[in-house]
Amino acid sequence: MSETPHRYTAELAGQIETAWQDRWEAQGTYHAPNPAGPWADPEAVGRFDDHLLVLDMFPYPSGAGLHVGHPLGYIATDVFARFNRMTGRNVLHCLGYDAFGLPAEQYAVQTGQHPRKTTEDNIVIMARQLRRLGLGHDDRRAIRTIDPDYYRWTQWIFQQIWNAWYDTEAVRPDGGTGQARPIAELEAQFEAGERVLPQEYAGRAWADLTNAEQGHVLDGFRLAYASEAPVNWAPGLGTVLSNEEITNDGRSEVGNYPVFRTNLRQWMMRITAYADRLADDLDRVDWPDKVKTMQRNWIGRSQGARVDFATPAGEAISVFTTRPDTLFGATFMVLAPEHPLVPALTTDAWPADIPAVWTGGAATPGEAIAAYQLAAARKSDVERQMEDKTKTGVFTGSYATSPVDGRQVPVFIADYVLMGYGTGAIMAVPCGDQRDFEFATEFELPIIDIIAPRDAGDWPGTVAEGKAFTGDGVMVNSANDTLDLNGLPVAESKAAMIAWLEERGLGEGTINYRMRDWLFSRQRYWGEPFPIVFDEDGRAHAVPDSQLPVELPEVPDYSPKTFDPEDASSSPEPPLARAEDWVNVELDLGDGRGVQRYRRETNTMPQWAGSCWYYLRYLDPANMQALVDAANEDYWMGPRSTPVEGAPAGVRDPGGVDLYVGGVEHAVLHLLYARFWHKVLYDLGHLSSEEPFRRYFSQGYIQAYAFRDERGQAVPAAEVEEQGEGESASFTWQGQPVAREYGKMGKSLKNIVTPDDMYEQYGADTFRVYEMSMGPLEQSKPWETRAIVGSQRFLQRLWRNVVDEETGEVRVVETAVDADTERVMHRTIAAVREDYASLGFNTAVARLIEFNNALTKLDAVPREAAETLVKMVGPVAPHIAEELWSRLGHTESVVYAPFPEADETKLVEETVTCVIQIKGKVRDRVEVSPSITEDELRELALARDKVKAATEAGVRTVIVRAPRLVNVVPA
RNA sequence: GCGCAAGUGGCGGAAUUGGCAGACGCGCAGGAUUUAGGUUCCUGUGCCCUCGGGCGUGCGGGUUCAAGUCCCGCCUUGCGCACCA
């Protein structure tokens, strides 16, 4: 038997932790009351001063289980949530599962096991791992996207979006312009003749259109629409992907398969309608600048003009330019190889007197164009990246007409112009654009300088300089009979040019976006079915609310048909298409048409669908009448009275989740999609908040070292031994040298450390404290298992300060706290409060350790000091805090105990150390009263021996910053 | 190439507004307790030193009585974007 049977060991910690976890669960300790809805408890809500919604990114329940990196953010939000509970807030914190997803489906394909089974098994494992961490989650709200009660609302939201159009003219209640509105209102406008029909139906009245034609018109406006468009097709995955899911080198983010552009009929979300608001409203949320920038770049808004160049083919070439001011310098045009006008512009024979390089060595333009198009199509994006950026292209044989001066400019095709951006065609201004300059040089094209640097008398011109001039300057060579830009600066010239073009119908000022609409359908089994059916004419109809959810059918085979990853000519075949009985149905949609035969949509929604809005369901998960009761949404997420820090003056607060913590890998995808859906729901009147995430904090990652032997094989990191230190350190495994690398934790790297290992060896509280003390939350940092003992020692000392290790008796004394300890205590309270509130958990833990160490040095710990410390430890190490709190004689949980408040009057020191510097170097120290005056301190300092010795030649100046510093500068 | 962030002991990291660089922890060294190991406790721990002091926050300049912190120029690493018209 050990001499210290009541020592805080991993084993005892484990007993304490699981016991408290059971108690919390049984008592519903973390249930947050709602003001309305099925759980309405306004009385309980009324007992709180304020409310707080804390959110973690929605986890996917991976079969691999968690490693020690995963809980970092969950612990951080838990500490923050617990701290806020202790300051009197009604805190909503919970976690559900983003449970649709590719891995479960792929596993199902391999094993024949239903993905639901795999997914649910994984959730059980993950839930156990997370529960053991002691997170203060409201377990009633642990929703799962795969549950029909949940995806019923995912489908409902889809309907809302499908049944809406974007009215760019509408004025919102918040004063902004542009709003989603029900499609029925658009139909009414057409019916009443208030809105002109699209060009296709020009001259006809709404009533004269057939049903199908009316449907077609409306489909052109819906925010969710099916369209035949170029999409990213990954034959190896058997599905199409959104632009956001494609890596820089043109492969799938999942699985790294080649992706091809193919024309397919697919569901799209009209996210581009929201481009401006998505960009502008970033100003109103508190997010890292880095993430805001990434979203702005993705949206890629640029201001410029559309300009038309007449061509012999009849149809003009329309280009987008951000520099309409440079139109006089346009000396040629370039179309993307896939541009639709290319065939019409390709002439039968080369014009006379053209440089040989224009022809690409071909006998006719047709041959040259065909060869170039083929080469461009064959090149994957990867190959385009790898090649050096020498400009290539061929001449079409045609000339376009410059709208400003009638010059004939040759039209080329070249792969440096992308079909996917702008209009897929550019006017090339070699003097002002480096790419155009390079092309012009390569193809012996004229270069006209139309902008000169300001005050540059002897500027030799761009040709002499060998590069385009892209700086600010003044216009030259830019005039015709009715427009003279010469001498004007850039900004004025742009405005003048746009006005001139618009007057003549040659172009117009416009805004272009890089962002495209969001491809929303996938050819997979394990996702939400679309609540859409097609009638025998092929028209899409929404399944009415009353018939939701449209549940996933059972199928014999979960896999979409996959193909040779390189087979670009293949096309998708979704697994649901094989469920014939499910696909072909007779339904009464309640639209007056009675029972009809329909075919169900066989694509499913992407994984983003369920994760786009889960935070709303957290607010009211049991509500069967609405996705969230309006009062609950308003309570938890409604706009706050003051805008976030850093928001421009005068903006309204958009509301949203008070704190969202998660990795930056979702900066564009999830965070953008969720914002889009949220804004649609706001526009349609379902929400009071305009943004989903009022404050987003991007956490760092916990990384790890991995070791490889000389053959490059990973060896178990836990068994590697280190020799030496610093730069001369070397590593061996079983005596053989191994090389260290730094990066992710992964099975194949043999460096995974799991939370379960840590619970077993140290306990959950120790693990929590360690993760929080490793460094700032936003920083990535390496995991080092051996350092965790520091956190264990801290909790052991804390335990020992309260509990006798031999007898198990509480050993605090009922005496008053001495003045020194009291000062340390109040200083700790002040610092820890501030640190917890600002997510500075590493420094909070450091303060707690300092205070605990101070108590350790006392002969006996006074109750007040112990209780204060226990309360402050509560957020970061909740189990030991509860246990000590209870042993100290409290019957109520410490979870809602008021957080200690610092007494200002107790913070003041009796004396402070004043540093005496001579010429800025510390040369002496003296204890002084904190209230010493500047004059007193100056005299005191000048009287010191060291100062006298240094100032024999006199004093030049003395800087006094009472009471902490005096700096004497000798003459 | 463009943009952003970061470089502090052997390691992770601390340092309101410019005002004692290295809090706290790991590791390491020494001591006490212990048969021993472990544990626990105490002491020390930036580098150099002739023990007066000198030098130190990626590098080089600058501003200042005073710079990790501000300014200019570089270097390195990480992240994002990348022929975006």
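As a basis for the values below, the full set of heavy atoms in this structure was taken, side chains included, without hydrogen atoms, waters or symmetry mates. Letters go in sequence order (proteins before strands), and every chain restarts at 1.
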### Message
Using a heavy-atom cut-off of 4.0 Å across all strands, would you classify A/Ser780 as base, sugar-phosphate, or nothing?
### Response
sugar-phosphate
### Rounded C1' spacing from B/G68 to B/A6 in Å
13 Å
### Message
On the nucleotide B/G19, are OP1 or OP2 found under 4.0 Å from the side-chain N or O atoms that A/Gln917 carries?
### Response
no
### Query
Looking for any heavy atom pair under 4.0 Å, which part of the strands does A/Arg923 touch: base, sugar-phosphate only, or nothing?
sugar-phosphate
### Query
Within this structure, what is the CG-to-C1' distance between A/Leu672 and B/G80, rounded to whole angstrom?
15 Å
#### Entry: Below 4.0 Å: OP1/OP2 of B/C41 and any side-chain N or O of A/Arg800
yes
### Task
Spell out, as yes or no, whether a donor-acceptor pair under 3.5 Å connects the side chain of A/Thr326 to the backbone of A/Gly329.
no
### Query
Is B/G52 syn or is it anti, if syn means the base angle is within 90 degrees of 0?
syn
### Task
With C1' as the reference atom in both, quote the distance from B/U64 to B/G18 in angstrom, rounded to an integer.
9 Å
### C1'-based separation of B/U76 from B/G60 [nearest Å]
15 Å
#### Entry: Short side-chain N/O contact from A/Arg786 to OP1 or OP2 of B/G12, under 4.0 Å
no
### Between A/Glu927 and A/Thr913, a side-chain donor and acceptor under 3.5 Å
yes
### Nearest-angstrom distance from the residue atom OH of A/Tyr421 to P of B/A85
4 Å
## Note on the structure
Considering only heavy side-chain atoms of A/Ile959, the closest of B/G19, B/A85, B/C79 is B/G19
### Message
Could you check whether A/Arg514 makes a cation-pi contact with A/Trp298, meaning its NZ or CZ is under 6.0 Å from the centre of the six-membered ring and within 45° of the ring axis?
### Response
yes
### Message
If I take atom CG in residue A/Leu327 and atom C1' in nucleotide B/A85, what distance separates them, rounded to the nearest angstrom?
### Response
13 Å
### Task
Under 4.0 Å between any heavy atoms, over every strand shown, what does A/Ala787 touch: base, sugar-phosphate, or nothing? Just pick one.
sugar-phosphate
### Summary
Looking only at B/C26, B/A85, B/C83, the nucleotide nearest the A/Tyr416 side chain is B/C83
### Query
Which nucleotide, B/C41, B/C26, B/G12, lies nearest any side-chain atom of A/Arg793?
B/C26
### Summary
Rounded to whole Å, the CH2-C1' distance (A/Trp783 to B/G25) equals 14 Å
### Query
What is the distance from NZ of A/Lys744 to C1' of B/G78, rounded to the nearest Å?
14 Å
### Summary
A/Ile849 has its side chain closest, among B/G27, B/G25, B/C20, to B/G25
### Distance below 4.0 Å between A/Asn297 side-chain N/O and B/C4 OP1 or OP2
no
### Message
Measuring only the P atom in each nucleotide, how far is B/U69 from B/G62? A whole number of Å is fine.
### Response
15 Å
### Query
What is the nucleic acid contact for A/Asn853, judged by heavy atoms within less than 4.0 Å: base, sugar-phosphate only, or nothing?
sugar-phosphate
### Query
A/Val417 has a side chain; which of B/G19, B/A85, B/A14 sits nearest to it?
B/A85
### Message
Side chains of A/Val307 and A/Leu327, heavy atoms from C-beta outward: is any pair under 4.5 Å?
### Response
yes
### Query
Can you find a donor-acceptor N/O pair under 3.5 angstrom joining the side chain of A/Arg847 to the base of B/C24?
no
### Query
Going by a 90° cut-off around 0, is B/G78 syn or anti?
anti
### Message
For the residue pair A/Tyr416 / A/Asp436, report whether a side-chain donor-acceptor contact shorter than 3.5 Å exists.
### Response
yes
### Task
Using the P atoms only, state how far B/A67 lies from B/U50, rounded to an integer number of Å.
29 Å
### Task
Pick the C1' atom in B/A15 and in B/C24, then give their distance to the nearest Å.
12 Å
## Note on the structure
Exactly one candidate in A/Trp783, A/Tyr762, A/Phe794 meets ring-ring contact (aromatic ring centres under 6.0 Å, His included) with A/Tyr770; the answer is A/Trp783
### Query
Looking across every strand, which nucleic acid part, if any, lies under 4.0 Å from A/Thr321 by heavy atom: base, sugar-phosphate, or nothing?
sugar-phosphate
### Message
What's A/Arg516 touching, base or sugar-phosphate or nothing? Going by heavy atoms closer than 4.0 Å.
### Response
nothing
### Message
Under 4.0 Å from OP1 or OP2 of B/G3: is there any side-chain N or O of A/Arg296 that close?
### Response
no
### Query
Strictly by modelled atom types, are A/Ser318 and A/Asp308 linked by a side-chain donor-acceptor pair under 3.5 Å?
yes
### Task
Give a yes-or-no answer on whether the side chains of A/Tyr372 and A/Thr392 include a donor-acceptor pair shorter than 3.5 Å.
yes
### Task
Quickly work out the A/Leu795 CG to B/U40 P distance and round it to whole Å.
13 Å
### A/Asn842 vs B/A14: side-chain N/O to OP1/OP2 distance below 4.0 Å
yes
### Query
Side chains of A/Thr843 and A/Asp835: is there a donor and an acceptor less than 3.5 Å apart?
yes
### Task
Quick one: list whatever passes side-chain contact (heavy atoms from CB on, under 4.5 Å) with A/Lys744, sequence neighbours left out.
none
### Query
Is there a donor N/O on one and an acceptor N/O on the other, under 3.5 Å, for the side chain of A/Arg964 and the base of B/G19?
no
### Query
Can you tell which of B/G13, B/C20, B/U40 lies closest to the side chain of A/Pro776?
B/G13
### Query
Which nucleotide in the list B/G12, B/C81, B/C83 gets nearest to the side chain of A/Arg514?
B/C81
### Query
Which ranges of RNA chain B pair up as stems, where a stem means three or more consecutive Watson-Crick or G-U pairs with both distances under 3.5 Å?
B:1-7 with B:75-81, B:10-12 with B:24-26, B:27-32 with B:40-45, B:46-48 with B:53-55, B:58-62 with B:70-74
### Message
Is the phosphate of B/G13 approached by A/Gln779 (side-chain N or O, under 4.0 Å from OP1 or OP2)?
### Response
yes
### Message
Please report the distance, rounded to the nearest Å, between CZ in A/Phe439 and P in B/A85.
### Response
18 Å
### Message
Parallel, tilted or perpendicular, judged at 30° and 60°: which one describes the rings of A/Phe320 and A/Tyr421?
### Response
perpendicular
#### Entry: Distance in angstrom units between A/Glu850 CD and B/G22 P, rounded
13 Å
#### Entry: Separation of the P atoms in B/A21 and B/C28, to the nearest angstrom
29 Å
### Task
Sticking with atom C1', work out how far B/C71 lies from B/G25, rounded to a whole angstrom.
36 Å
